[in-house]
Amino acid sequence: MKRYNPSEIEPKWQQIWEEQKANHVEIDPHKEKLYVSGMFPYPSGAGMHTGHAFSYSIVDAIARFHRQHGYNVMNPMGWDTFGLPAENYAIKTGTAPAKVTAENIANFKRQFKRMGVSIDWEREINTSSPEYYRWTQWIFTKLFERGLAYQKESLQWWCPVDKTVLANEQVEGGRCWRCGSIVEKKSMKQWFFKITDYADSLLEELDDLDWPAKIKTAQTNWIGKSEGAEIMFAVVAMPFSETASRQASNGAPAPVETWAADVSENGIATPANITVFSTRPDTIFGASFIVLAPEHPLARQLAVGDFKEATENYIAEAVKKSEIDRTNDTKEKTGVFTGSYAINPVSGEKVPVWVADYVLGGYGTGAVMGVPAHDERDFAFAEKYSLSIIKVIDGNSDEQVYHDEGVLINSGDYNGLPSSDAREKIVAWLEENNLGQGKTTYKMRDWLISRQRYWGAPIPIIHCDEHGAVAVPEDQLPVILPEIEDYAPKGDGKSALARAEDWVNTTCPTCGKPAKRETDTMDGYACSSWYLLRYADPRNAERAWDPETVNYWNPLDFYVGGDHAVAHLLYVRFWTHVFYDMGLVNFKEPIHKLVYHGYINAEDGTKMSKSKGNVVDPLDVIDQGYGADALRTYLLFMGPYELDASWNSRSIAGVYRFLNRVWVLSQQFLDYKGDDVTKNDDAVRRSQHKTVRKVTDDLRRLSFNTAIAALMEYVNDLYKYKVDGFSRETWRQAIEALVQMTEPFAPHMTAELWQELGHEDLIQHATWPTWDDALIVESTMKIAVQVNGKVRAEIEVSADAGEDEVKQTALTQENVAKFVADAEPKKVIYVTGRLVSIVV
RNA sequence: GCGCGAGUGGUGAAAUUGGUAGACACGCUAGCCUUAGGAGCUAGUGCCUUCGGGCGUGCUGGUUCAAGUCCAGUCUCGCGCACCA
């Protein structure tokens, strides 16, 4: 008997698949397509890790399961190669990033092939190749044409270590997502994609996606839609002496009430208006002060008299502070009074204008109305600075700050109205009087895409003195990334490309006069926002993709990964929405089902990390003799794919044992020389059909762990029956079904067995086994008997026994009679095929 | 603080519609076999027990003939967002 030897079998089949291009697919109108992909890897120098192995074990189980079901399965692969690690490595070693990248790809590819994933390598793509980024640039020019790519001077997150700006999504807790250093604000002219135009569209389509709830929630929160109103407060300039005399001893202005009376006499309305944003216009009568963010353009202007210096100092300090200091909510709130006042448009009361850093410059209008009775933050601020607190919502609650809805009080004509009605009426009144309007705002900002780094797709723009920013025409694409000597950014806010003068100096496509190229490159997320479409048509040199081809393969049926909940998964949706509007695709959403898996942790339950030395290298596991088949099967057997799991070196041995049992069973069948023994045929057949039903069902819902458990049970059954010997036809079917069902997990071993079983075609092109319910039915059934909810007996009755017969049998059981005693059962319930419940 | 998810044996877990809780596997125990290996095979393995049975899915209640599953409350852990007005 041949022994199971993965280190011999696996390379053999990997070579056969490669030579035959076994997984290459083309459009086939006669077959239903199925498109599955993992999130393409960034090929780092470190090589493949357990997370990759896990992702692609899931991808391949899905691909192979559907391939055996006759689907035209596309399972492509590519490399996300632009980005900082390759560039930083290049700076350190003086090697060109392109060269480093090519080496890393070659290494990754070699490693991936050892996993036996059924990839169509003819579709391989690489985002840093000019053939690819040519079209990334083309898409940029199309967005530019539509006004969806624009340049703006603004305060941006700046990473002082990586010396580049970052998108909001790349700042995590005030730190750079790559290097962890504390980010700073810097005012620079930057390129943006106008994702905010698509906020509503992205929100709407989210509902129908077959994505995990937590990802949908994360995206909903990120978009952060809130409905409310913008309300104008007219600024009232006060004579300096007047203001000073009203100042209370603690630096705060006198209470608002004392000012209410003299608005008309002393107040001099200026042209300035402060527009605030509020989601609770129903509480406007309780607005007793205004707070401006330090970045607010009026903040300096409104600082008057004695308050001028303090205000300016405060603003200067606040703008310098890192976001960590500013957004730490355990910190006590601070602020300064500007000396100016504004008028509450509904009550006519004069309210002081403050500047405080608890108000964010970038959200809403950068100004809020302080309603301390109904907002915790405003309350804390009002308490500290002795500002007046006016309760305007009756909440029937003793809480100091009631922030829920309720009935209005102290609100003039609106008293007695519930919040929602009052909101509508107040906004309507503001609109009528040109004092405000209903407004929807979003937390999401536009996507900042320019990077002051070398290793990215150059932004295809030429700056001309006469024509401004001009898109590079399609026939001049790609704008090739020039080879240069020194890649390092110098911290002057420009990429190293700015020093490639031959490249920078060009002519304007519109007028032909000397002009300069844009020297920023695009965020790597731009490249990954359309690769799922390029896979469908990867060698097209005429256009980014042929719409018909893409409309056949896309959208993706399954997208497998465990990262990028908002960033990539939001951007890829955004671009596809735009492509839909441009008529380039006939669907809005690029990904139907998102298979978002957990992390594989180290044996001790903590994250694998090089510094801790607890990293499990998937290639080591293969080399130890377990092979890729055992590794893959184990990764899927560990538990539900959604959950985090800890590696266990003993458990993988158990899975290897299972594969070995499949192998041994098959070999013993093949080697069997005796007569046919039909004794167990019915039982074997029943077990086979039951297992096919269960495994098929489990794999349809991606319950890999239970599918593998069912296969183990099946193998255990067959081991019991084989003791008596084999009958060739029954056992051939039983074993072929077993081998086929194991193929999605252990493709090499099953390919070998399939061949030994006499098949010339590859197992992956075989037809998945079917089951016959009639063969699964047993002649008898076991019924549990409960008395008052406790199981007291188990009876075996014939499968076609009627209700009365079952109940009668149940009641006459010795142990049942004992517990029923003399009592007359109050109720006897029969749950067909399962149990009898007797109530006494 | 807000939102989402999860709490089941010594361990990873299973239970798809309320219907015999713990499938499958690891580990452990005993035995068999063996040219001795990190091999293979068989049986047992939730806890307690006076061997009748009793208890058991984080905790407290509720609905039901029947609850891991449904409802109310509560605790713990994990994740996401976090001064977004």
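In what follows, every chain begins at residue 1, and chains take the letters A, B, ... in the order their sequences are listed. What's counted below: heavy atoms across the whole structure, side chains too, no hydrogens, waters or symmetry copies.
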Go ahead and name the base partner of B:C79; Watson-Crick or wobble counts if both distances stay under 3.5 Å, otherwise write none.
B:G3

Take the protein atom NE2 of A:H403 and the nucleotide atom C1' of B:C83, then report the distance between them rounded to whole Å.
14 Å

CG of A:N601 versus P of B:C79: gap in Å, rounded?
10 Å

Using atom P in both nucleotides, what's the gap between B:U69 and B:G56 to the nearest angstrom?
13 Å

Taking B:G68 as the reference, what is the distance to B:C2 when you measure between their P atoms (whole Å, please)?
31 Å

Determine yes or no for a side-chain-to-main-chain donor-acceptor pair under 3.5 angstrom, with A:E603 supplying the side chain and A:S649 the backbone.
yes

Can you tell me the distance, in whole Å, between the NZ atom of A:K443 and the P atom of B:A82?
7 Å

Could you verify whether a donor N or O on one side chain and an acceptor N or O on the other, from A:N5 and A:S7, lie under 3.5 Å apart?
yes

So, A:E713 and A:K694, do they make that salt bridge, N to O below 4.0 Å?
no

Among B:A14, B:A85, B:G40, which is the nearest nucleotide to the side chain of A:P640?
B:A14

What nucleotide, of B:C24, B:G53, B:C65, holds the atom closest to the side chain of A:E713?
B:C24

Counting any heavy atom closer than 4.0 Å, what does A:R701 reach on the DNA or RNA strands: base, sugar-phosphate only, or nothing?
base

Looking for any heavy atom pair under 4.0 Å, which part of the strands does A:R700 touch: base, sugar-phosphate only, or nothing?
nothing

Could you let me know what B:C55 is paired to, Watson-Crick or G-U wobble, both distances under 3.5 Å, or none if it's on its own?
B:G46

NA contact type, A:S837, heavy-atom cut-off 4.0 Å: base, sugar-phosphate, or nothing?
base

Between B:C59 and B:G9, how far apart are the P atoms? Round to whole Å, please.
10 Å

If we call it a pair only when both distances are under 3.5 Å in a Watson-Crick or G-U wobble match, what pairs with B:G38?
none

Side chain of A:D357: nearest nucleotide among B:A25, B:C83, B:C65?
B:C83

So does A:F745 get a backbone contact from the side chain of A:R632, meaning a donor-acceptor N/O pair under 3.5 Å?
yes

Just label B:G46 as syn or anti from its O4'-C1'-N9-C4 or O4'-C1'-N1-C2 angle, using within 90° of 0 for syn.
anti

From the candidates B:U20, B:C41, B:C26, the one with an atom nearest any side-chain atom of A:E794 is B:U20

Select one nucleotide: of B:A15, B:A85, B:U20, the one nearest the side-chain heavy atoms of A:L360.
B:A85

Taking any heavy-atom pair under 4.0 Å as a contact, classify A:V368: base, sugar-phosphate, or nothing.
base

Determine: side-chain N/O of A:R657 to OP1/OP2 of B:G40, distance under 4.0 Å, yes or no.
yes

Can you find an N or O donor on one side and an acceptor on the other, under 3.5 Å apart, linking the side chain of A:K694 with the base of B:U16?
yes

Checking B:G19, B:C24, B:A15 against the side chain of A:L835 (C-beta onward), the nearest is B:G19

Tell me if a side-chain donor or acceptor on A:Q219 pairs with a main-chain N or O of A:L569 at a distance below 3.5 Å.
yes

At under 4.0 Å between heavy atoms, what does A:P212 touch on the DNA or RNA strands: base, sugar-phosphate, or nothing?
nothing

Could you please name the option among B:C81, B:A15, B:C65 that lies closest to any side-chain atom of A:V839?
B:C65

I'd like to know if the side chain of A:K384 reaches the main chain of A:G335, judged simply by a donor and an acceptor atom lying under 3.5 Å from each other, with no hydrogens or angles considered.
no

Counter-base of B:A23, judged by Watson-Crick or G-U geometry with both distances under 3.5 Å
none

A:I829 CD1 to B:A67 P: how many Å, rounded?
12 Å

Ring centres under 6.0 Å, that's the criterion: do A:Y656 and A:W663 meet it?
no

Rounded to whole angstrom, note down the P distance from B:U42 over to B:C33.
15 Å

Looking across every strand, which nucleic acid part, if any, lies under 4.0 Å from A:T441 by heavy atom: base, sugar-phosphate, or nothing?
nothing

What nucleic acid atoms does A:R792 come within less than 4.0 Å of, heavy atoms only: base, sugar-phosphate, or nothing?
sugar-phosphate

Can you tell me the pairing partner of B:U60 across any strand shown, Watson-Crick or G-U wobble, with both distances under 3.5 angstrom?
B:A72

Starting at the 5' end of RNA chain B and moving along, which residue's nearest nucleotide shows up first, A:D378 or A:W222?
A:W222

Please tell me if A:S651 has a side-chain N or O lying less than 4.0 Å from either OP1 or OP2 of B:U11.
no

Pick base, sugar-phosphate or nothing for A:Y599, based on heavy-atom distances below 4.0 Å to the nucleic acid.
nothing

Could you state the NZ-C1' distance from A:K439 to B:A85, rounded to the nearest angstrom?
15 Å

Interatomic distance, A:D717 CG vs B:A23 P [rounded to whole Å]:
15 Å

Below 4.0 angstrom from OP1 or OP2 of B:G12, is there any side-chain N or O of A:R650?
no

What is the distance from CH2 of A:W663 to P of B:A39, rounded to the nearest Å?
20 Å

Syn within 90° of 0, anti beyond: B:G9 is syn

Tell whether A:D697 reaches the base of B:U16 with its side chain through a donor-acceptor pair below 3.5 angstrom.
yes

How is A:E642 classified with respect to the nucleic acid when contacts are heavy atoms under 4.0 Å: base, sugar-phosphate, or nothing?
nothing

Expressed in whole Å, how much space separates the C1' atoms belonging to B:U63 and B:G73?
15 Å

Using a 4.0 Å heavy-atom cut-off, does A:G639 contact any base of the nucleic acid, only the sugar-phosphate backbone, or nothing at all?
nothing

The side chain of A:L643 is closest to which nucleotide in this list: B:A13, B:C24, B:G19?
B:A13

When you measure from the side chain of A:K807 to the backbone of A:V828, do you find a donor-acceptor pair of N or O atoms at a distance under 3.5 Å?
yes

Please confirm whether any donor atom in the side chain of A:Y719 sits under 3.5 Å from an acceptor in the base of B:G40, or the reverse.
no

Please work out whether the ring planes of A:Y402 and A:H374 are parallel, tilted or perpendicular, with thresholds of 30° and 60°.
perpendicular

Of all the nucleotides listed (B:A14, B:U20, B:G80), which has the minimum atom distance to the side chain of A:A218?
B:G80

Residue A:K827, side-chain heavy atoms: nucleotide from B:C65, B:U20, B:C24 that is nearest
B:C65

When the P atoms of B:G7 and B:A15 are considered, how many whole Å apart are they?
12 Å

For atom C1', what is the distance between B:A13 and B:U29, given to the nearest Å?
22 Å

Are any side-chain N or O atoms of A:T275 and backbone N or O atoms of A:E230, one a donor and one an acceptor, separated by less than 3.5 Å?
no

On RNA chain B, does the nearest nucleotide to A:A653 precede the nearest nucleotide to A:Q624 from the 5' side, or the other way round? Give the residue.
A:A653

Compute the ring centroids of A:Y385 and A:F289, then answer whether they are less than 6.0 Å apart.
no

Distance below 4.0 Å between A:K790 side-chain N/O and B:C55 OP1 or OP2
yes

Students often get this wrong, so: under 4.0 angstrom with heavy atoms, is A:N788 touching a base, only sugar-phosphate, or nothing?
nothing

Has the side chain of A:K826 got a donor or acceptor atom sitting under 3.5 Å from an opposite partner on the base of B:C65?
no

Any side-chain N or O of A:N716 less than 4.0 Å from the OP1 or OP2 oxygen of B:A25?
yes

According to a strict under-4.0 Å criterion, is A:Y363 in side-chain N/O contact with OP1 or OP2 of B:A85?
yes

